[in-house]
Amino acid sequence: MGVIALMSGEIRVRFAPSPTGKLHIGGIRTALFNYLFARTKKGKFIIRIEDSDFERSKDEFVIDICESLKWVGLDWDEGPLKEDYNTKNEYFQSQRLDTYKSKADELLNSGKAYRCFCSHDRLKELKDIQRQRKDAVFGYDGFCRNLTPQEITEKLNNNEKFTIRIKRPDTPEISFCDLIRGEISFRSDTLDDFIIIRSDGRPVYNFTVVVDDYLMGITHVIRGEDHISNTPKQIILYKLFDWRIPEFGHLPLIFGDDGKRLSKRHGAVSILEYKKEGFLREAILNYLALLGWSYDSEREIFSKEELIELFEISKISKTAARFSIDKLLWFNCLYIHELSREARLSILIPFLKDAGIISELTDHVKEKLFAIIEIAGDRIKKLPDLNFYAKPFFFKPEEFNEKGVRKFLKAENIQVIKHIGKLFKEIDEIDFKREKIEEIIKIESETSGIKSGKIIQGLRVLLTGGMISAGLFETIEIMGRDEVVRRIEMFQ
RNA sequence: GGCCCCAUCGUCUAGCGGUUAGGACAUCGGAUUCUCAGUCCGACGGCAGGGGUUCGAUUCCCCUUGGGGCUACCA
């Protein structure tokens, strides 16, 4: 597949998650930058599932990862089947074990790698000694590097287990030019003859990555900064195979708002949890794009299409960023209010249904919801926020805010409100509009000598149960004459 | 311990030798409204420290400090 593409000069990038957990903010951001890079360059965006760790890899996480990517709109050109994420195809490392084995054999046969029969115990002992001696570098001592062919056959005949290690080349330095950080170089004597195949025959991460990236024709490896130290090992492998080395770009990490590594402590981990909590994909994408990337000193609102148009990898910053829920909320608010009323309603309905506020969406309910959404306005920062504002329109208050009752529903106040209820009752339903309602309340305030603010707040508590709501006159209008009158009459 | 990466307001960032160090979120104040939210206006607030280089350093170099990563038969 990819090797041919490589010759054509096509840009190919990949996002290679391991299905050992749900896809979180950091993963999505890495995927996003890969996606943007691919789309900007008219290249291909590939998903590869790194499930070579059988114990920790789970199918449910593959589903979570794919659904997350799909939800935020990062469409892949190659990768797991979109109809069925768990039909494992050649983009799952678990399906490529033969490939890794044959590539390892190539190195073995050409003398660039060797079998190591050292036991776990010896290795552990070696490390202990090195640590005790305070050696500058810890690592394998090359004990099995120069076994004679006879020794090897003997051990093989004895059924001794072995790993495959590469022979570290003795170039003094390994360096590469990072797309984001520039020149990075490592003294190669800090590396050892590392393992590429475990004693049970399974390949190791640094090996599978290189084999896959080469075979899949990956031209640019864009990944988290935590992989910088893996890069020299991988470069060694490219050189041993005599393969073309791709470009590398290492993204700054994302931390929680406390500066620590992102984890469950920081609230939502999976991106799908953000969906459940009522965040819009546009907000998440926009926010994440700005975590480590910027366009200029002014602009910060970007649609996915605009990002594709304007994204430049060279403008990615080198410093790790903290995830700020406040700013995400701000973006979310922004994007919610950009939605047309129809779009807003249809995206809000699942949340209303979930909360049991509506069950069936009749035309009547729909009209009511349109009105409620309109008056709730900017108060909705996350999608479920509407539930709070919508509930009083569908349910009578179960209880009343204690402080509100004490302050705004004193006897004299109730008297006025009851009177207002009577006046409402006399109004023709067609005339029951916010202006008229306001007029009545203002007049009653004047004649009774009670400040309108007190009456309004009292009515708010009586009708909604709480101290906070959308504008009261609008609320009353939408709640409807009969319901409002009923609630006023029933209040004791 | 070793190797590597990073360092501008509380946070995200612009800056690429000469700027009153710009913007956004958050915070605080004012205006507006019936509460809340919003909106508008305003305020607060930053180049980690020390050496160089230079006529001149936030910017280039070195050291220190701080943060982070890797150092596995995890990925």
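Order of the sequence lines fixes the chain letters, A, B, ..., with proteins taken first and strands second; residue numbering starts at 1 for each chain. Because the structure is a prediction, the values reported are computed rather than measured.
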It should be established whether [X] places a side-chain nitrogen or oxygen under 4.0 Å from OP1 or OP2 of nucleotide [N].
X	N	result
A:Lys233	B:rC70	no
A:Ser297	B:rU13	no
A:Arg187	B:rG2	no
A:Lys381	B:rG38	yes
A:Ser294	B:rA14	yes

Can you find an N or O donor on one side and an acceptor on the other, under 3.5 Å apart, linking the side chain of [X] with the base of [N]?
X	N	result
A:Ser199	B:rC73	yes
A:Thr190	B:rG2	no
A:Asn230	B:rA75	yes

A:Glu298 side-chain proximity, nearest of B:rA24, B:rG22, B:rC70 |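 The closest nucleotide is B:rG22.
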A:Val204 has a side chain; which of B:rC12, B:rA7, B:rC73 sits nearest to it?
->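 Of the options given, the side chain of A:Val204 lies nearest B:rC73.
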Pair partner, B:rC44 [Watson-Crick or wobble, under 3.5 Å] |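 WC or wobble partner does not exist here.
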Would the A:Tyr238 and A:Tyr214 ring centres measure less than 6.0 Å apart?
->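 When the ring centroids of A:Tyr238 and A:Tyr214 are compared, they turn out to be at least 6.0 Å apart.
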Establish, yes or no, whether a centroid distance under 6.0 Å links the rings of A:Trp293 and A:Phe302.
->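 For A:Trp293 and A:Phe302, the ring centres are under 6.0 Å apart.
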Only one of A:Thr99, A:Asp53, A:Thr208 passes side-chain hydrogen bond (donor to acceptor under 3.5 Å, both in side chains) with A:Gln93; say which it is.
->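 Single pass found, and it is A:Thr208.
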Is the aromatic ring of A:Phe138 within stacking range of B:rG2, meaning centres under 5.5 angstrom and planes under 30 degrees?
->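 Whether judged by distance or by angle, A:Phe138 falls short somewhere, so it does not stack on the base of B:rG2.
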